Amino acid sequence: MPNAIDHLAALTGYRDRDLLDVTLAHALMDLLQPCGVSVHKLVGETGQQRWLLRARLDEGQVTAVSDPPWVAFEDLPAKASVALRCECIDTQNIVVGAGADGRTLTLFPMLAEGDAIGVVEVDSAEALPEANQRMVNSILRIYRNFHGLLDYSERDTLTGLLNRKTFDEAFLKTAHAQGAPSGEGERRNEPVRSTHWLGVVDIDHFKQVNDRFGHLIGDEVLLLVARILRSTFRFQDRLYRFGGEEFVVLLRCSNEADAENAFERLRLNMESYGFPQVGTVTASIGFTEVLPGDGPSAAFERADQAVYYAKQHGRNQVCGHGDLVRRGLLKDSTKVGDIELF
Ligand SMILES: Nc1nc2c(ncn2[C@@H]2O[C@H](COP(=O)(O)OP(=O)(O)OP(=O)(O)O)[C@@H](O)[C@H]2O)c(=O)[nH]1
């Protein structure tokens, strides 16, 4: 069946997760010739999850549609509001239900390491024959294996956050997207220039944690900090562990005050968390705006200078590079167009 093999080759040919979901939708459209295929992923913390549309293709449509990267979390449908998807994901089984205009919806769970992370919905005039259901399940198994390989190469093994290797590419995509309308502007029909912000988060006196409590407890602190990062920021924000006790956040928000508030929220969440055995652990945070044409190393360097300033002035605080420059406390080292790598 060369057609299926071609699709599998296409599916495993990309390292970009967005393209992977779009390719999956195209493959199923071609192989099953249904009225439509859509790929939905669950986003958000357990208990508050919502559905994000990753790719939808309808009959005769060439380009897949998806929710935009800046969609507001609250605007997405809540998990429980889509009963068939909920049943599919909770039972981790194929679910067949009634679609629009007498058509049939067949839902397949997308699994990753034993968890259901999303649902593929096939909208067809007739019920899908069993052979086709088996074929979809086989393709989803390959998708899952490939996803696992991507995770293995792109994620930090201790915390599950993205690793440093993937940062440059994501950063350049982000800097390129500067100026796209933000979600808030879109809702009010008045585009607001969106900005991205890069924050460097460095745990304070982490060496003392290791020295006093041992490396295993040190590792547990790193894991819990990663969890606090995930619960503090939005699902679209990108979270990295750069190694050691240094974390990096790439977030999208409309102005400096909002970025500062987000990082301050992180600082407070850390300060108020009771780390088992260790007690209180704090972090020093530096952040900077991602400028159009910015390079990853230049932006990182600015945020790192702000962290250094925070460390030198008492730790457990958030410092913005722009603010420090305006107040004459740091020299303006803005280097637009720097494309050198770390
Ligand atoms: N447990 C654990 N420790 C790590 C890991 N990676 C780096 N470290 C430790 O992190 C510590 C970093 O120490 P320093 O760079 O001196 O920084 P610090 O003690 O946090 O001091 P300040 O940053 O100045 O507040 C070192 O003791 C490293 O051994 C890891 O994966 N697990």
Side-chain angles (χ1 to χ4, degrees), residues 113 148 150-168 170-171 197-233 237-251 259-260 262-288 296-325 329-331 333 341-342:
E113 287 173 9
L150 282 183
D151 277 352
Y152 183 74
S153 70
E154 295 178 351
R155 292 195 182 273
D156 168 48
T157 42
L158 178 65
T159 61
L161 299 183
L162 293 163
N163 61 30
R164 190 172 187 154
K165 212 166 72 183
T166 58
F167 174 73
D168 286 359
F171 180 93
W197 301 80
L198 186 151
V200 173
V201 179
D202 194 293
I203 302 176
D204 295 327
H205 299 305
F206 188 60
K207 189 170 178 311
Q208 285 177 19
V209 174
N210 277 329
D211 291 349
R212 284 183 58 201
F213 303 97
H215 265 256
L216 272 183
I217 297 289
D219 281 358
E220 193 187 348
V221 168
L222 294 172
L223 256 171
L224 292 169
V225 169
R227 197 180 289 171
I228 295 171
L229 277 160
R230 282 199 197 91
S231 63
T232 301
F233 292 99
D237 298 332
R238 299 180 80 94
L239 309 173
Y240 299 83
R241 179 175 174 224
F242 263 34
E245 82 296 17
E246 187 175 62
F247 297 84
V248 167
V249 182
L250 203 50
L251 66 90
E260 176 158 16
F263 288 117
E264 182 60 21
R265 202 169 59 231
L266 170 67
R267 190 194 68 74
L268 281 170
N269 287 346
M270 272 197 65
E271 186 189 51
S272 58
Y273 190 86
F275 288 82
Q277 299 199 39
V278 182
T280 302
V281 176
T282 62
S284 299
I285 302 169
F287 71 97
T288 183
S297 55
F300 178 83
E301 173 77 27
R302 293 198 301 277
D304 206 37
Q305 281 174 9
V307 172
Y308 185 76
Y309 186 94
K311 292 269 182 197
Q312 296 299 304
H313 292 82
R315 295 184 170 81
N316 189 22
Q317 57 187 293
V318 177
C319 289
H321 180 270
D323 178 58
L324 293 173
V325 168
L329 301 169
L330 270 187
K331 274 207 284 191
S333 60
L341 304 178
F342 289 107

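Computed from a prediction, not measured in an experiment: that's the story for all the values here. When a ligand or atom number is given, it counts from 1 through the structure's own listing order.
Screening Leu161, Val200, Leu239 for a side chain to side chain contact (heavy atoms under 4.5 Å, CB included) involving Phe247 leaves a single residue, Leu161.
Taking a heavy-atom cut-off of under 4.0 Å, ligand 1 is surrounded by Asp202, Ile203, Asp204, His205, Phe206, Lys207, Asn210, His215, Gly218, Asp219, Leu222, Arg241, Gly244, Glu245, Lys311, Arg315.
Note: Tyr309 and His313 have parallel aromatic rings, judged against thresholds of 30 and 60 degrees for the angle between ring planes. In this structure, Phe242 and Phe300 have parallel ring planes: the angle between them is below the 30° cut-off, well short of the 60° mark.
Using a 4.5 Å heavy-atom threshold, the side chains of Val281 and Tyr273 count as separate.
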Taking it one step at a time, do Ser284 and Asp202 satisfy side chain to side chain donor-acceptor pair (under 3.5 Å)? CA-CA 5 Å; Ser284 299; Asp202 194 293; over 6 Å; no
Apply side chain to side chain donor-acceptor pair (under 3.5 Å) to the pair Asn163 and Glu154, showing each step before the final yes or no. CA-CA 6 Å; Asn163 61 30; Glu154 295 178 351; over 6 Å; no
